[in-house]
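Below: the structure, in structure tokens.
Just so we're on the same page: letters track the sequence lines, and every chain starts at 1. FYI, side chains are in, hydrogens and waters are out, and symmetry mates aren't considered; it's all heavy atoms of this structure.
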Amino acid sequence: MMAAQSAPAIVVDKLGKRFGTFSALDAVSFDVRRGEIMGFLGPNGAGKSTLIRVLCGLLRPSSGRAVVSGIDITQDPEAVRKRIGYMSQKFSLYSDLSVVENLRFFGGIYGVCPGAINERIRFAVDMAGLQGRETSLVSTLAGGWKQRLALGCAILHKPDVLFLDEPTSGVDPSSRRRFWTLIHELSAGGVSVLVSTHYMDEAEYCMRIAMMAAGRLVALGTPRELRQQSIGGELLELECANIGAAMDLVAKIPGVHDVAVFGDALHLLVDDGAETARAACALLAEHGLPGASARQIAPSMEDMFVHLVRTARAQGAAAGT
Amino acid sequence: MKIRRIVAIGRKETLQVLRDPRSLTIALLLPLMQMFMLGYGVNLDVKHIPLCVLDQEGNQRSQDLLKRFAASRYFDLYKVAASIAEVRHEIDGGACRIAIVVPAGFSRKLVDQGAATVQLLVDGTDSNTATIAAAYAGSVVAAYSGEVQLQAIQRRGGQIQTLTPVAVQARVWFNEDLESSYFIIPGVVALVMAIVGAQLTSLTIAREWERGTMELMVSTPVTPMELMLGKLSPYFVLGLVDAGICLALAVGWFEVPFHGTLPTLFFTTSLFLSVVLCIGYYVSVSIRSQVGASQVALILTMLPTTLLSGFSFPIDQMPALVQDITYLVSARYYVTILKAIFLKGATVSELAVPIFSLTAYAIVLVVLAARAFRKTLD
Ligand SMILES: Nc1ncnc2c1ncn2[C@@H]1O[C@H](COP(=O)(O)OP(=O)(O)OP(=O)(O)O)[C@@H](O)[C@H]1O
Ligand SMILES: [Mg+2]
């Protein structure tokens with residue numbers, strides 16, 4: 001099985017998906033290595049769920065090709081389904097069944113043999129930290145527990161590849177950390193994980209990150225690579241009194257390409273940091289907003305993301321006209 | 001096809017049914033309520049009507065006829081009157097709802113002319129009962145006169161060749177009013193089973209789409225056929241319980257005589273149940289909302305069964321084109337089968353044609369219903 005070891009777990013080649021005339025996925029290409037955790041970041045409607053659904057065989061691609069665990073998804077979707085685990089964005093276990101009943105059900109339909117099922121269920125319960133809650137109805141579990149159970153259900157049949165669609169959305173931070181520990185354990189065991197998220201901090205848990213916007217892949221690399229990638233200028237952090245008013249003012253300064261709100265400050269993408277910092281403070285003071293301070297900062301993942309999304313939107317708009 | 005997956009789905013579905021006491025109660029009460037509603041709605045039988053008789057002829061034949069009235073379960077002989085005045089008194093006083101007066105010369109006329117008249121006095125205050133009572137009385141008389149004519153022909157031997165005994169016999173047998181409840185209740189059972197069976201399964205897939213659990217199900221290796229067989233299994237059991245309720249009511253409450261055998265009844269009922277469960281499942285797969293699926297399933301089973309199964313309107317009296325259409329209504333076969341089992345004690349081999357039709361129907365529907373489920377969100 002040396003070839004299988006080195007072959008990528010997922011190969012996606014110019015994959016496209018249209019809903020009518022709307023293009024939800026546009027020539028997306030990437031691959032995921034065995035045991036790799038690949039994170040997908042993107043704003044609402046970027047196409048993350050659509051991509052995952054196509055790869056799970058839930059949606060038929062409109063164009064392009066994808067191979068999951070060595071099998072072409074359009075040629076033999078059933079064979080693909082045997083080798084993957086899926087957590088949908090919307091929680092989709094049975095709330096009126098208990099923890100163990102859900103596990104036994106999914107074990108059954110994934111075809112886990114009766115001899116191994118109890119051991120697999122125990123494994124999943126232990127992994128998800130659900131000991132003592134085996135007979136609780138799922139409807140009584142808190143969000144974090146439900147998510148871990150859903151992960152447990154998805155790995156009963158020892159899949160090669162896991163597709164997790166925003167698995168930690170709406171879950172408290174400590175549960176999220178715990179969930180990511182589980183994902184890393186699975187990855188260490190050789191499972192490839194394709195996970196979507198809209199939490200920037202979670203990007204750091206991924207081995208590689210793909211950024212999506214408007215159906216297109218706009219960046220791909222390790223978290224460190226992405227942070228170092230040029231965002232097309234220098235970045236200024238501007239702290240001032242009235243952010244809303246200031247935003248409109250500074251956007252008009254020549255050499256300012258982009259303004260975005262980050263917490264209680266503004267981030268400005270500019271050609272020359274030092275010069276624009278002075279200009280901005282002067283302009284704000286002129287308009288009755290004194291005491292503003294601007295300093296040059298290193299771009300974060302989030303800045304990178306905002307920049308990429310804006311660029312993609314602008315390109316999309318240009319292409320659309 | 002993996003049994004393991006079918007079992008997993010069947011077990012899960014069973015747990016869900018058992019954990020939902022409201023739906024379970026409905027599933028068990030619905031057939032009960034419908035049997036009573038429809039049973040009484042279409043069953044216009046009126047039993048034990050107090051009867052008054054006046055025999056103005058007073059011979060063997062007239063006594064014979066009146067005995068038949070007394071023996072019929074529709075009438076209770078309340079009073080043997082001696083005069084018309086007495087009859088009038090009984091009716092007006094409300095003690096009797098109907099009176100029969102056999103005039104003098106009744107049997108003479110009957111034998112000579114093949115038709116004789118009896119006088120029927122009916123209390124018209126309750127027009128429904130009056131109409132029915134009159135119809136019953138008419139059919140008791142018709143049955144009797146038919147027999148009299150038959151006897152007359154037999155007595156004359158081969159002399160009268162022109163009078164066809166078949167036609168005469170038909171009058172004896174074709175007393176449908178007299179036995180309306182016998183004929184209608186098996187039809188009601190079929191109707192209730194069709195409605196309830198399709199209702200049971202009409203929600204099963206739609207519910208999973210609405211709750212969002214189907215997305216995950218579709219991502220697993222389960223096949224459409226496994227999904228269907230697993231999903232139908234608990235409803236099949238529930239449907240058999242419902243069938244038991246309906247059939248028990250037919251015999252125990254509506255007093256339809258049961259001449260058949262239980263295995264025949266079980267086998268044919270299972271077949272029909274499979275058909276209606278598949279209809280409900282098909283609808284559930286096609287319409288992804290529970291409310292919509294339930295309503296479509298109701299219309300799809302109730303309308304054709306009511307109109308075209310031969311349960312309320314005799315098929316042989318329909319226009320030819322409509323008669324052809326009735327072959328597409330599965331309940332048609334089950335109504336035929338049930339009537340034959342209940343009233344004639346028909347066996348599986350005697351019912352080979354409708355059973356074969358129903359089997360073919362079931363197989364086609366199983367395949368269609370399974371195929372209707374597409375493992376995709378597109
Ligand atoms: N079945 C469908 N028919 C039509 N349009 C669809 C369908 N599914 C998704 N879309 C559209 O495709 C686009 C991408 O949706 P998708 O759910 O993949 O985004 P996402 O990145 O997962 O967003 P979110 O973060 O909100 O989950 C959206 O504009 C959505 O409206
Ligand atoms: Mg999504």
Check ring-ring contact (aromatic ring centres under 6.0 Å, His included) between Phe106(A) and all other residues, then give those that pass, not counting sequence neighbours. none
Side-chain heavy atoms of Leu59(A) within contact of Phe19(A), under 4.5 Å: yes
Please classify the contact of Cys153(A) with chain B as side chain, backbone, both or neither, using a heavy-atom distance under 4.5 Å. neither
Counting only heavy atoms closer than 4.5 Å, note whether Leu93(A) contacts chain B via side chain, backbone, both or neither. both
Heavy-atom check, side chain of Thr168(A) versus side chain of Ser175(A), under 4.5 Å: no
Within a strict 4.5 Å, meaning less than it, do heavy atoms of the Val138(A) and Leu97(A) side chains meet? no
Answer yes or no: is there a side-chain heavy-atom contact under 4.5 Å between Met214(B) and Phe373(B)? yes
Could you tell me if the side chain of Ser192(A) sits less than 4.5 Å from the side chain of Arg34(A), heavy atoms only? yes
Between Ile155(A) and Val191(A), is any pair of side-chain heavy atoms under 4.5 Å apart? no
Option that, when pairs with chain B are counted at under 4.5 Å, heavy atom only, ranks first among Pro77(A), Pro114(A), Ala79(A), Gly57(A): Pro114(A)
Which atoms of Val80(A) are under 4.5 Å from chain B, going by heavy atoms: the side chain, the backbone, both sets, or neither? neither
Looking only at N and O atoms, which donor-acceptor pairs between chain A and chain B are within less than 3.5 angstrom?
| from | atom 1 | to | atom 2 | distance (Å) |
| --- | --- | --- | --- | --- |
| Lys17(A) | NZ | Asp378(B) | OD1 | 2.7 |
| Arg53(A) | NE | Glu215(B) | OE2 | 2.9 |
| Arg53(A) | NH2 | Glu215(B) | OE1 | 3.0 |
| Arg53(A) | NH2 | Glu215(B) | OE2 | 3.4 |
| Leu58(A) | O | Thr376(B) | OG1 | 3.1 |
| Leu58(A) | O | Leu377(B) | N | 2.7 |
| Arg60(A) | N | Asp378(B) | OD2 | 2.9 |
| Glu78(A) | OE1 | Lys375(B) | NZ | 3.2 |
| Glu78(A) | OE2 | Lys375(B) | NZ | 3.3 |
| Arg81(A) | NE | Val218(B) | O | 3.0 |
| Arg81(A) | NH2 | Lys375(B) | O | 3.1 |
| Tyr86(A) | OH | Glu215(B) | OE2 | 2.4 |
| Lys90(A) | NZ | Arg211(B) | O | 2.8 |
| Tyr94(A) | OH | Glu208(B) | OE1 | 2.5 |
| Tyr94(A) | OH | Glu208(B) | OE2 | 3.3 |
| Asp96(A) | O | Arg19(B) | NH1 | 2.9 |
| Asp96(A) | OD1 | Gln16(B) | NE2 | 3.0 |
| Asp96(A) | OD2 | Gln16(B) | NE2 | 3.3 |
| Glu101(A) | OE1 | Arg19(B) | NH1 | 2.8 |
| Glu101(A) | OE1 | Arg19(B) | NH2 | 3.2 |
| Glu101(A) | OE2 | Arg19(B) | NH2 | 2.7 |
| Ile109(A) | O | Arg5(B) | NE | 3.0 |
| Gly111(A) | O | Arg4(B) | NH1 | 2.8 |

Just so I know, are the side chains of Leu358(B) and Pro354(B) near enough to count as touching, which here means a heavy-atom distance under 4.5 Å? no
